[in-house]
Amino acid sequence: MLDIVLIRRDPERVRRSAKRRGIDPSFVDDVLRLDAEYRSALTDVERAKAEKNALSAQIGRAADKATAARELRPKLDALSAEIAGAEERVRASAPETPQSRLAELLTQTPNLLDESVPDGTGEAENVVLRTSGEPEPLAFAPKPHYEIGERLGVLDFERATKLSGSRFTVLMGGGARLARALVDFFLDRAARSGYVEVAPPFLVTRQTMWWTGQLSKFSDAMFVDPEADAFMIPTSEVPLTALHANEILAADRLPLKYAAYSPCFRKEAGAAGKDTRGLIRQHQFEKVELVWVTAPERSMEALERLTLDAQSLLEELELPHRVVALCSADIGFSPAKTYDLEVWFPAQGVYREISSCSNCTDFQARRAHIRFRREPNAKPELAHTLNGSGLAVGRALAAILENFQEADGSVRVPRALRSYVGTEKLTPVER
RNA sequence: GGAGAGGUGGCAGAGUGGUCGAAUGCACUCGCUUGGAAAGCGAGCAGAGGUGAUGAGCCUCUCGGGAGUUCGAAUCUCCCCCUCUCCGCCA
């Protein structure tokens, strides 16, 4: 959520950011008007309440309270009626009232873009910053990971469909082992880089989803049991970022760096027909998520660090990849700036997202009330939150299958993973 | 799921209808003291919002959350949530 005070004082900045995102900026004028109406109603309520409180205090001080109360009765009743009326106007217009038009506009307003974000109108205008490990041309036609996986007997899509429907996968034998190795590898590297490992709940409340701004972004894409008020997390960014909701942290604790393994659940309703084959787009996938909580002035350098932390995993896995700065139109709802890590898939000859690293600045912190104090008696300030995958397990597994495939259908295990997997090679099985 | 106890400021812990946003202690900040420190002494120290100049001041709201009674609620009533103890069930 944006700071209403900032919208009031610098509406032009909000309009500019909205335009760059490709959003009609006229909502800013509506926000300004509705906010003015709200504050006027609020002032009315507060003035009447102050008057009434003063009279009540007068009764409290009187020697004969009953008489005092009786005498002030007409005034008090008039004030009560006035308060009730004005309160109704406040309720109807308040940004805290979910049904109010102002709340609706504010909750739909995305974060302000960072100045360094390249302008663009879509995915095509994202900027490649650096490429690492140029893909080597193979001496044979590379197969897609789902064919390799089935041939190896490590990916079973048919049985997954039997169990759970489309967009699920059963990992078998070396595939399951490789996936677990990746998780261990990611978490070990995160620990080495100073991240605290966290094992969070995978079900969270509506409140928690709201805190991290997921309700607008993923509301259609989430698995939910409304009766139990339980949402299956679409990413462990949710529990990790919300970990310190409603807290005031000491400055010397920052930055907080957390790493969590978790399954992630998404309906992907809007993606029907896209990436229907293989591990790329699943209702359930796993990843290790990295989250930072920093002081505002450190968050941009933290984003660079976080991105490098994620990128180093691809380096160690010897997977060809590139780092892309998302352009203004492609950046998500909460982030001010995002770098995507894209890994090479030789079968299709494309780079695909395997990690998305974002600086959400104070956007999530404002909703979740994640604050810190610079000095022991200083005023609390909003912290900045960042998140990035480090990395997505399914896509990493798919990338390994495709990039390390041999002509005979076997797949080499990347050196960095061999001690975790216990073998150097996955070989095809007869079925 | 059942029974009981309880949820107050960073922490501990008073407060059962009238200037209580809240005693006291600890922690913390500043000052005095000291060669320096500790102790001691003095002062300060919750958050959010409105109004002002992103100042001072003033005002409103907040004692787990919500509704209610009352001129007035941390204090009384109702609902919900959470924690602890015991029982049941379970991994």
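Here is the naming used below: chain letters follow the sequence lines, and residue numbers restart at 1 for every chain. As a basis for the values below, the full set of heavy atoms in this structure was taken, side chains included, without hydrogen atoms, waters or symmetry mates.
The partner of rA14(B) is absent, by the rule that a Watson-Crick or G-U pair needs both atom distances under 3.5 Å. With a cut-off of 3.5 Å on both pairing distances, the Watson-Crick or G-U wobble partner of rC78(B) is rG66(B). Using the Watson-Crick or G-U wobble rule with both distances under 3.5 Å, rG44(B) pairs with rC28(B). Pair assignment for rG21(B) gives none, since no Watson-Crick or G-U wobble pairing has each distance under 3.5 Å. Across the strands present, rG1(B) finds its partner in rC87(B); the criterion is a Watson-Crick or G-U wobble pair with both atom distances under 3.5 angstrom. Figure legend. rG72(B) is base-paired to no nucleotide; pairs are counted as Watson-Crick or G-U wobble with both atom distances under 3.5 Å.
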(request) Sugar-phosphate atoms are those with a prime plus P, OP1 and OP2; base atoms are the rest. Using that split, label each nucleotide of nucleotides 43-56 of chain B B, S or - for protein heavy atoms under 4.0 Å, 5' to 3'. (result) -B--SSBSS--S--
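Residue-level contact check: K52(A) touches the backbone only, with heavy atoms under 4.0 Å from sugar-phosphate atoms and none from bases. Among the heavy atoms of the strands lying under 4.0 Å from N53(A) are primed sugar atoms or P, OP1, OP2 only; no base atom is included. At a threshold of 4.0 angstrom between heavy atoms, the contacts of R73(A) are confined to the sugar-phosphate backbone, with no base atom among them. Nucleic acid contact class of I59(A) (heavy atoms, under 4.0 Å, all strands): base.
Between V117(A) and R20(A) the shortest side-chain heavy-atom distance falls below 4.5 Å. Taking 4.5 Å as the limit, some side-chain heavy atom of N246(A) sits within range of a side-chain heavy atom of W211(A).
Regarding D77(A), its CG atom lies at a distance of 8 Å from the C1' atom of rC71(B), rounded to whole Å. The distance between atom CZ of R91(A) and atom C1' of rG66(B), rounded to the nearest whole Å, is 13 Å. For the pair L55(A) CG and rU19(B) P, the computed distance is 16 Å after rounding to whole Å. Distance CD (Q207(A)) to C1' (rC82(B)): 14 Å, rounded to an integer number of Å. Straight-line distance from the CZ atom of F372(A) to the P atom of rG10(B): 17 Å, rounded to whole Å. N246(A) places its CG atom 17 Å from the P atom of rU62(B), with the value rounded to the nearest Å. Atom C1' of nucleotide rC61(B) and atom CD of E51(A) are separated by 18 Å, given to the nearest angstrom. In this structure, D64(A) atom CG and rC71(B) atom P are separated by 16 Å, rounded to whole Å.
Comparing rC59(B) with rC20(B), their P atoms are spaced 15 Å from each other, to the whole Å. Straight-line distance between the P atoms of rU16(B) and rG55(B): roughly 38 Å, to the nearest whole Å. rC26(B) and rC78(B) are spaced 38 Å apart, taking the C1' atom of each and rounding to whole Å. Spacing between rA73(B) and rG68(B) at atom P, rounded to whole Å, works out to 13 Å. A gap of 39 Å separates the P atoms of rC89(B) and rU75(B), to the nearest Å. If you take atom C1' in rA14(B) and the same atom in rA74(B), they sit 12 Å apart, rounded to whole Å. rG15(B) and rA23(B) have their C1' atoms separated by 8 Å, given to the nearest Å. Taking the P atoms as reference points, rG13(B) lies 25 Å from rG18(B), given to the whole Å.
Base orientation of rG52(B): syn, since the glycosidic angle falls within 90° of 0.
Counting non-hydrogen atoms of neighbouring residues, nucleotides and ligands closer than 6.0 angstrom, the CD atom of E375(A) reaches no more than 12 such neighbours. Around the CZ atom of R298(A), the shell of radius 6.0 Å holds no more than 12 heavy atoms that belong to other residues, nucleotides or ligands. No more than 12 heavy-atom neighbours from other residues, nucleotides or ligands sit within 6.0 angstrom of CD on E115(A).
Proximity of the aromatic rings of H145(A) and F404(A) is defined here by a centroid distance below 6.0 angstrom, and this criterion is not met. The aromatic ring centroids of F168(A) and H283(A) lie less than 6.0 Å from each other.
A donor-acceptor contact shorter than 3.5 Å links the side chain of N126(A) to the backbone of E123(A).
With a 6.0 Å cutoff to the six-membered ring centre and a 45° limit on the axis angle, K287(A) does not count as a cation-pi contact of Y261(A).
If you find the closest nucleotide of RNA chain B to A50(A) and to R61(A), the one lying nearer the 5' end belongs to R61(A).
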